[in-house]
> 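The structure follows.
Everything numeric in this text was worked out from a predicted model, so none of it was measured. Whatever order the structure lists ligands and atoms in, that order sets their numbers, starting from 1.
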Amino acid sequence: MVVVRRRNVKVFTFAFLLITVTSFLLNYTHQVTSTTWDPRHLVVQFSEHVQKLFKYPRRPCSCHTCISELGRSLWFDQRFNSTMQPFLTSHNALIPEDSYRWWLKLQGEKAPKSLNDTLAELFGVIPGDGDPLQEHGSDSCRRCAVVGNSGNLRQSQYGHDIDSHDFVLRMNRAPTAGYESDVGSKTTHHFVYPESYRELAANVSMILIPFKTLDLRWVVTALTTGTINFTYVPVPRKIKVKKEKILVYNPAFMKYIYENWLEHHGRYPSTGLLSLMFALHVCDEVNVYGFGADSKGHWHHYWENNTSGGAFRKTGVHDGDFEFNITLTLASIEKIKFFKGR
Ligand SMILES: CC(=O)N[C@H]1[C@H]([C@H](O)[C@H](O)CO)O[C@](OP(=O)(O)OC[C@H]2O[C@@H](n3ccc(N)nc3=O)[C@H](O)[C@@H]2O)(C(=O)O)C[C@@H]1O
Ligand SMILES: CC(=O)N[C@@H]1[C@@H](O[C@@H]2O[C@H](CO)[C@H](O)[C@H](O)[C@H]2O)[C@@H](O)[C@@H](CO)O[C@H]1O
């Protein structure tokens, strides 16, 4: 018995040394052009190589810097939680009880239908597979543009720049037609809720942000019976988007943003902050356009004169100033680039 065990230890040690030395030599010959076979030099290189492996684990992406790399800013590291899942899928459709209770209060639903039944119905209609956007490869660099709806995009001429990204995220009623030179024409993902829905081009993924159970039920009826046409305002009975293109924002991820990033400011995060945080978690590089209030602190739009742009300040639903500071801080620590417009 003891002999067999000793032999196993020897075989294991030999195999370990063989693999380590071979991998080192392979790596070494890739790195240097003129090889010196001085054994002392090799030993030094070998020990440096092992130290590096422990000090700097494999980089998560191939960009110059990757957002999810920690160790650059304590402020960021204390808030960013890479384990949080931005999408609700048929595989993770169990929302933790505390997140569910928090979420139920957002729009004070009086008698919500069972969430489990609603989700079962929803994922019976849409696939609920998640998004290939999330499949991170350490050999790729995902460049994302998050485009908010600010009037500061007017005459910005950012269109070409925005379209150069791999992923372009837009939100609510934002149009591109007629505004291409300022906002671009490419959209890969569009964030909406029933009250802000607009028809999307066939290749665009719709990300539903549910603020209440009724929003999840609305997706089902809007693709089938068309029975829901009112929430707190009129909403479209039917939508044309293909069910395969519909993704669902995770309420637990919303709560994470509210607690870790917003530090409980406002009643819940705005669509702009939800989109920006989503991008921080699924992209390697994030460039931000169309964020910034007008001189009165109102959220003016680039395509219309929206007179209710200051309503969020009166109701306190969002803390626009605190949100804007988060964006500016992210830019100051070089986690994102912020394009201020005009
Ligand atoms: C009257 C009202 O309720 N307005 C809200 C509207 C409205 O419901 C939709 O536009 C309908 O399509 O939606 C919101 O926001 P809204 O659709 O205006 O803008 C989306 C996000 O862009 C950023 N923004 C916008 C304008 C501006 N001048 N500066 C900005 O920084 C913000 O991050 C903002 O979140 C929303 O969903 O968040 C929040 C707004 O408060
Ligand atoms: C201006 C305001 O406070 N309106 C609220 C409305 O808020 C809006 O909700 C949207 C999602 O449905 C989205 O979050 C947008 O950014 C908010 O302005 C709702 O909370 C609504 C619920 O009944 O109450 C309105 O007064």
> Hydrogens and angles aside, do Asn306 and Ser308 bring a side-chain donor and acceptor to less than 3.5 Å of each other?
no
> Hey, does Phe324 sit under 4.0 Å from ligand 1 if you only count heavy atoms?
no
> For ligand 1, which atoms sit closer than 4.0 Å to a heavy atom of Phe312?
41 (O)
> Does Asn152 use its side chain to pair, donor to acceptor, with the backbone of Lys340 at less than 3.5 Å?
yes
> Of all the non-hydrogen atoms in the protein, which one sits nearest to atom 21 (C) of ligand 1, and at what distance?
Met171 SD, 3.6 Å
> Which ligand 1 atoms are under 4.0 Å away from a heavy-atom of Arg173?
11 (C), 12 (O)
> Counting heavy atoms only, which of Gly320, Gly272, Ser275, Ser308 comes nearest to atom 35 (O) of ligand 1?
Gly272
> At the 4.0 Å heavy-atom cut-off, does His301 count as touching ligand 1?
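It does, in that a heavy atom of His301 comes within the 4.0 Å cut-off of ligand 1.
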> Tell me: protein heavy atom nearest atom 9 (C) of ligand 1, and distance?
Tyr193 OH, 3.5 Å
> Give a yes or no on whether a salt bridge exists between Asp98 and Arg101, defined as a side-chain N under 4.0 angstrom from a carboxylate O.
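Salt bridge flag = no for Arg101 with Asp98.
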> Only one of Tyr193, Phe211, Phe312, Tyr258 passes ring pair (Phe, Tyr, Trp, His ring centres under 6.0 Å) with Tyr268; say which it is.
Phe211
> Give a yes or no on whether the backbone of Asn172 and the side-chain of His190 come within a donor-acceptor separation of less than 3.5 Å.
yes
> Which ligand 1 atoms, with their elements, are less than 4.0 angstrom from a heavy-atom of Ala293?
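Every atom of ligand 1 under 4.0 Å from some heavy atom of Ala293: 28 (N), 29 (N).
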> Out of curiosity, Phe278 CZ to Leu247 CG, how far, rounded to the nearest 0.5 Å?
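Answer rounded to 0.5 Å: 7.5 Å.
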> To the nearest 0.1 Å, how far is atom 20 (C) of ligand 1 from its closest protein heavy atom, and which atom is that?
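Nearest neighbour among protein heavy atoms for atom 20 (C) of ligand 1, to 0.1 Å: Asn149 ND2, 3.5 Å.
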> Using a 3.5 Å distance criterion without hydrogens, assess whether the side chain of Arg170 forms a donor-acceptor pair with backbone atoms of Lys186.
yes
> From the options Val317, Asp294, Ile209, Thr271, select the one whose nearest heavy atom is closest to atom 37 (O) of ligand 1.
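Among Val317, Asp294, Ile209, Thr271, the closest heavy atom to atom 37 (O) of ligand 1 comes from Thr271.
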> Can you name the one residue among Asp321, Asp319, Asp294 that meets salt bridge (Lys or Arg N to Asp or Glu O under 4.0 Å) with Arg313?
Asp321
> Heavy-atom distance from atom 12 (O) of ligand 1 to the protein below 4.0 Å?
yes
> Establish whether atom 2 (C) of ligand 1 and some protein heavy atom are separated by less than 4.0 angstrom.
no
> Looking at Ser196 and Val192, would you say the former's side chain and the latter's main chain have a donor-acceptor pair under 3.5 Å?
no
> Do any side-chain atoms of residues 117-132 form donor-acceptor pairs under 3.5 angstrom with protein atoms, and if so which ones, sequence neighbours left out?
from	atom 1	to	atom 2	distance (Å)
Thr118	OG1	Ser114	O	2.6
Glu121	OE1	Lys113	NZ	3.2
Asp131	OD2	His189	NE2	2.7

> Under 3.5 Å, is there a donor-acceptor pair linking the side chains of Glu323 and Ser270?
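Judged by distance alone, the side chains do pair up.
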> Honestly curious: do Leu106 and Phe322 fall in one hydrophobic cluster under the side-chain, below-4.5 Å linking rule?
yes
> Among Ser270, Ser196, Gly292, which residue places a heavy atom closest to atom 30 (C) of ligand 1?
Gly292
> Among all protein heavy atoms, pick out the one at the shortest distance from atom 40 (C) of ligand 1; state its residue, atom name and that distance to 0.1 Å.
Trp299 CE3, 4.0 Å
> Does only the side chain of Asn172 get under 4.0 Å from ligand 1, or the backbone, or both, or neither? Count heavy atoms.
side chain
> Are side-chain N/O atoms of Glu304 and Tyr302 paired as donor and acceptor at under 3.5 Å?
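No, no side-chain donor-acceptor pair sits under 3.5 Å.
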> Is the shortest distance from atom 5 (C) of ligand 1 to a protein heavy atom below 4.0 Å?
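Protein heavy atom within 4.0 Å of atom 5 (C) of ligand 1: absent.
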> Residues around ligand 2, heavy atom under 4.0 Å from any ligand atom, sorted by chain and number. Can you pull those?
Gln107, Tyr193, Glu195, Phe211, Tyr232, Arg267, Tyr268, Ala311, Thr315, Val317, His318
> Considering only the protein, which heavy-atom contact is closest to atom 26 (C) of ligand 1, and what is its distance?
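Going by distance alone, atom 26 (C) of ligand 1 is nearest to His300 O, 3.3 Å.
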> Look up atom CG in Leu330 and atom CG in Asn325, then write down how far apart they are to the nearest 0.5 Å.
11.0 Å
